[in-house]
*Asks:* 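Sharing a structure here in structure tokens format.
For clarity, every value in this text was computed on a predicted model and none was experimentally measured.
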Amino acid sequence: MLSEQEIANIRKDFPILEREVYGKTLAYFDNGATTQKPLQVINRIRDYYLNQNANIHRGNHYLSNLGTDAFEAAREYCRAHIHASDTKEIIFTKGTTESINMVASGLSHLLEEHDEILISTMEHHSNIVPWQMLCEKTGAKLKIIPLNEKGELDLTAFEALLNEKTKILSIAHISNVLGTVNPVNELCEKARASHCITLVDGAQAIAHSAVDVQEINCDFYVFSGHKAYAPMGCGILYGKKEMLEKLSPWQGGGEMIDQVSFENTTYNELPFRQEAGTPNVEAVLGMEEALKYINNTGLENIAAREKQLLDYATSEMDRIGGISIIGQAREKASVLSFLVDGVHPYDAGTIIDRMGIAVRTGHHCAQPLMDFLEIPGTIRASFAFYNTFEEIDRLVQAIERVKQMFL
């Protein structure tokens, strides 16, 4: 368990947490959208451009070799972090959205009319739209797993939907709106029994809990670095080697080729065949540094701290009353979506922002979920381990101010 002194020292690694917003010290509760970046990550990027900058994999000069070695060392660190069996199973992408699109596009030749793709009601748009596009292209049908009143997957309905027509299951590890932690091990096991390809969207999980892709035993696992203290514009597509081999190349260009002529092109081996063009080298190195920061802090420590914050915020919301908490799953990450009764979330969010507190309002790129819940959106406070109980107290005071102004 992290002590308050340890948290104070950690916060020094994130100077942005000391800046002022509207004359008040920032309280940053929008970590579900993107986390802040520690100095260690920022300094790694700076060091790369000061001392290593060169295009990688293609040169034989000193800097190119230095950059290539650093880039591939980062791939190995990411492999170890999620317990993949081989670095060839780690594809660097721009993030979760590109990773899912890469898989959806790459599997198109395996689907036929009347095949089915299974997702859930709680999915982010990036885990909806690519599959809709694939259905339009192939004639496959998109099927939706419903939720219960707590915001958990209806597992009975899931089993009923899973059948011999189901070719792909794509599911969030953790909901970005509800905080629900889905039983992905169980879901993937049942999908495998039906010979179904599985993808787990780990965008909201990678910063909060240990991820072992071999234990989950999914075919694909995807996440974005910027949700886990890394730079924007980088992420991971993990795939079992035999599944990545089945994907059609996502893009054509440099690095993904073996031989090129005007008559014919042959493709490079994994992972390079799925990494066309100059990669975002500095962001990948920053992602490696961010994962090191997480591991040095300790995922168990992070999870325990964030549970404390979530429990405290939830109890304070219950205490002041007039708050509807959206999503009350038994297994829940540090996401608190709520509504102030009688106040539109945008109006409430505007007042909260003016008090120096960053929360997210709207449908959070999960509009079908909002339609299912029959609400216009929510106010979302998503916590990271660097947040404090005092910041939550400020949020509660801001909500009280909202109630005074609108009710």
*Asks:* With a cut-off of 6.0 Å (strictly less than), are more than 12 heavy atoms of other residues, nucleotides or ligands near NZ of Lys165?
*Replies:* no
*Asks:* Is it the case that the side chains of Glu215 and His83 hold a donor-acceptor pair, with the cut-off being a distance below 3.5 Å and no angle test?
*Replies:*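 No, no side-chain donor-acceptor contact under 3.5 Å.
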*Asks:* Do we see a donor-acceptor contact under 3.5 Å between the side chains of Gln5 and Asn9?
*Replies:*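 Yes, because at least one side-chain N or O of Gln5 sits under 3.5 Å from a partner of the opposite role on Asn9.
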*Asks:* Looking at CG of Leu118 and CG of Leu169, how far apart are the two atoms once the value is rounded to the nearest 0.5 Å?
*Replies:* 5.5 Å
*Asks:* Any salt bridge between Glu89 and Arg79, counting N to O under 4.0 Å?
*Replies:*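 Result for this pair is no, no salt bridge flagged.
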*Asks:* I want to check something: taking the side chain as every heavy atom from C-beta on, are Glu123 and Ile171 in contact at a cut-off of under 4.5 Å?
*Replies:*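 Sidechains of Ile171 and Glu123: in contact.
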*Asks:* Checking Arg354 against Tyr22: charged group under 6.0 Å from the ring centre and within 45 degrees of the axis?
*Replies:*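 Yes.
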*Asks:* Would you please test Thr96 and Ser126 for side-chain hydrogen bond (donor to acceptor under 3.5 Å, both in side chains) and show each step?
*Replies:* CA-CA 8 Å; Thr96 304; Ser126 63; over 6 Å; no
*Asks:* When you look at Glu306 and His208, which way does the side-chain hydrogen bond (donor to acceptor under 3.5 Å, both in side chains) test go after all the steps?
*Replies:* CA-CA 8 Å; Glu306 291 175 348; His208 306 289; 2.7 Å; yes
*Asks:* Walk me through whether Arg273 and Glu245 qualify under salt bridge (charged side-chain N to carboxylate O under 4.0 Å, His left out).
*Replies:* CA-CA 9 Å; Arg273 65 179 291 174; Glu245 294 283 5; 3.5 Å; yes
*Asks:* If I take atom OG from residue Ser120 and atom CG from residue Asn182, how far apart are they, to the nearest 0.5 angstrom?
*Replies:*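 Answer for the OG-CG pair, Ser120 versus Asn182, is 6.0 Å.
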*Asks:* If you take all heavy atoms of Gln52 and Ala70, which pair is closest and at what distance?
*Replies:*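 Heavy-atom minimum between the residues: NE2-CB, 3.8 Å.
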*Asks:* Closer than 4.0 angstrom, basic N to acidic O: yes or no for Lys241 and Glu269?
*Replies:* no
*Asks:* Heavy atoms only: give me the nearest Ile56-Pro279 pair and the separation to one decimal.
*Replies:* CD1-CG, 3.7 Å
*Asks:* Between Glu189 and Arg192, is a salt bridge (charged side-chain N to carboxylate O under 4.0 Å, His left out) present by the stated rule, with each step listed?
*Replies:* CA-CA 5 Å; Glu189 181 181 7; Arg192 283 196 312 277; 5.2 Å; no
*Asks:* Is the shortest heavy-atom distance from the side chain of Ser194 to the side chain of Glu164 under 4.5 Å?
*Replies:*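 No; the side chains remain at least 4.5 Å from each other.
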*Asks:* Checking salt bridge (charged side-chain N to carboxylate O under 4.0 Å, His left out) for the pair Arg305/Glu300: CA distance, chi angles, key distance, verdict?
*Replies:* CA-CA 9 Å; Arg305 171 70 178 185; Glu300 289 185 0; over 6 Å; no
*Asks:* Is it true that, when you exclude His61 itself, more than 12 heavy atoms of the residues, nucleotides or ligands shown sit nearer than 6.0 Å to its NE2?
*Replies:*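 Above 12, so yes.
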*Asks:* Are any of the side-chain heavy atoms of Ile357 and Arg394 separated by less than 4.5 Å?
*Replies:*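 Counting from C-beta outward, Ile357 and Arg394 do come under 4.5 Å.
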*Asks:* Within the distance-only criterion (no hydrogens, no angle test), does the side chain of Lys37 pair as donor or acceptor with the backbone N or O of Ala230 below 3.5 angstrom?
*Replies:* yes
*Asks:* Checking the side chain of Asp347 only, and the main-chain atoms of Val343 only, is there a donor and an acceptor separated by less than 3.5 Å?
*Replies:*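 No.
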*Asks:* Suppose the criterion is salt bridge (Lys or Arg N to Asp or Glu O under 4.0 Å): which pairs have a residue in residues 10-24, not counting sequence neighbours?
*Replies:* Arg11-Glu391
*Asks:* Is there side-chain contact between Leu336 and Leu310, with at least one heavy-atom pair below 4.5 Å?
*Replies:* yes
*Asks:* Under the criterion side-chain hydrogen bond (donor to acceptor under 3.5 Å, both in side chains), I'd like the reasoning laid out for Trp131 against Ser170: C-alpha separation, chi angles, the key distance, then a yes or no.
*Replies:* CA-CA 9 Å; Trp131 304 116; Ser170 189; 3.3 Å; yes
*Asks:* Just verifying a value: how many Å separate Leu178 CG and His364 NE2, rounded to the nearest 0.5 Å?
*Replies:* 9.5 Å
*Asks:* Would the distance check show the side chain of Glu152 and the main-chain N or O of Leu147 forming a donor-acceptor pair, the cut-off being under 3.5 Å?
*Replies:*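 No; judged by distance alone, with no hydrogens or angles, the pair does not exist.
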*Asks:* Within a strict 4.5 Å, meaning less than it, do heavy atoms of the His125 and Pro368 side chains meet?
*Replies:*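 In contact.
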*Asks:* Going by side-chain hydrogen bond (donor to acceptor under 3.5 Å, both in side chains), Arg360 matches just one of Asn176, Asn31, Asp30. Which one?
*Replies:*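 Exactly one candidate clears the test, Asp30.
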*Asks:* What's the shortest heavy-atom distance between Ser224 and Ile206, and which atoms?
*Replies:*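 Residues Ser224 and Ile206, closest heavy atoms: O-CG2, 4.2 Å.
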*Asks:* Does the side chain of Asn217 pick up a donor-acceptor pair with the side chain of Lys240 at under 3.5 Å?
*Replies:* yes
*Asks:* Establish, from distance only, whether the side-chain atoms of His226 and Thr35 form a donor-acceptor pair under 3.5 Å.
*Replies:* no
*Asks:* Are Tyr238 and Phe220 close enough that their ring centers fall under 6.0 Å?
*Replies:* no
*Asks:* Side chains of Ile236 and Met287, heavy atoms from C-beta outward: is any pair under 4.5 Å?
*Replies:*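 Answer yes - side chains close enough.
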*Asks:* With distance as the sole test, does Asp219 use its side chain to make a donor-acceptor pair with the main-chain N or O of Leu199 at under 3.5 Å?
*Replies:*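 Checked: no pair found.
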*Asks:* Measure centre to centre between the rings of Phe385 and Tyr229, then say whether the value is under 6.0 Å.
*Replies:* yes
*Asks:* Grab the two heavy atoms, one from Arg380 and one from Val359, that are nearest each other, plus how far apart they are.
*Replies:* O-CB, 3.5 Å
*Asks:* Taking all heavy atoms of Gly327 and all of Lys332, pick out the closest pair and write down the distance.
*Replies:*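 Closest pair (atom of Gly327, atom of Lys332, distance): O-NZ, 2.7 Å.
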*Asks:* How many angstroms lie between CD1 in Ile145 and OG1 in Thr121, if you round to the nearest 0.5 Å?
*Replies:*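 So the gap between those two atoms works out to 8.0 Å.
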*Asks:* Rounded to the nearest 0.5 Å, how far does CZ of Arg58 lie from CG of Asn55?
*Replies:*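 Separation between the atoms: 5.0 Å.
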*Asks:* In terms of side-chain heavy atoms, does His81 have a donor or acceptor partner in Asn295 at a distance below 3.5 Å?
*Replies:*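 Side-chain D/A pair, His81 to Asn295: present.
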*Asks:* With a 4.5 Å limit on heavy-atom distance, are the side chains of Ile119 and Ile168 in contact?
*Replies:*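 The answer is no, as the side chains (C-beta and beyond) never meet within the 4.5 Å cut-off.
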*Asks:* May I ask you to say whether Lys246 pairs ionically with Glu242, meaning some side-chain N is under 4.0 Å from a carboxylate O?
*Replies:* no
*Asks:* Find the distance between CG (Leu107) and OG (Ser248) and round it off to the nearest 0.5 Å.
*Replies:* 8.5 Å
*Asks:* Going by the ring-ring contact (aromatic ring centres under 6.0 Å, His included) test, name the single residue among Tyr386, Phe383, Phe338 that passes it with Phe29.
*Replies:* Phe383
*Asks:* Validate the cation-pi geometry between Arg319 and Tyr312: distance from NZ or CZ to the six-membered ring centre under 6.0 Å, angle to the ring axis within 45°.
*Replies:*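 The answer is no; the distance or angle limit is not met.
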*Asks:* Does any non-hydrogen side-chain atom of Glu282 lie less than 4.5 Å from one of Arg46?
*Replies:* no
*Asks:* Verify whether the ring centers belonging to Phe71 and Tyr48 lie closer than 6.0 Å.
*Replies:* no
*Asks:* For residues Thr68 and His57, is any side-chain donor paired with an opposing acceptor at under 3.5 Å?
*Replies:* no
*Asks:* Apply ring pair (Phe, Tyr, Trp, His ring centres under 6.0 Å) to residues His363 and His124 and explain how you reach the verdict.
*Replies:* CA-CA 10 Å; His363 55 62; His124 188 280; 9.4 Å; no
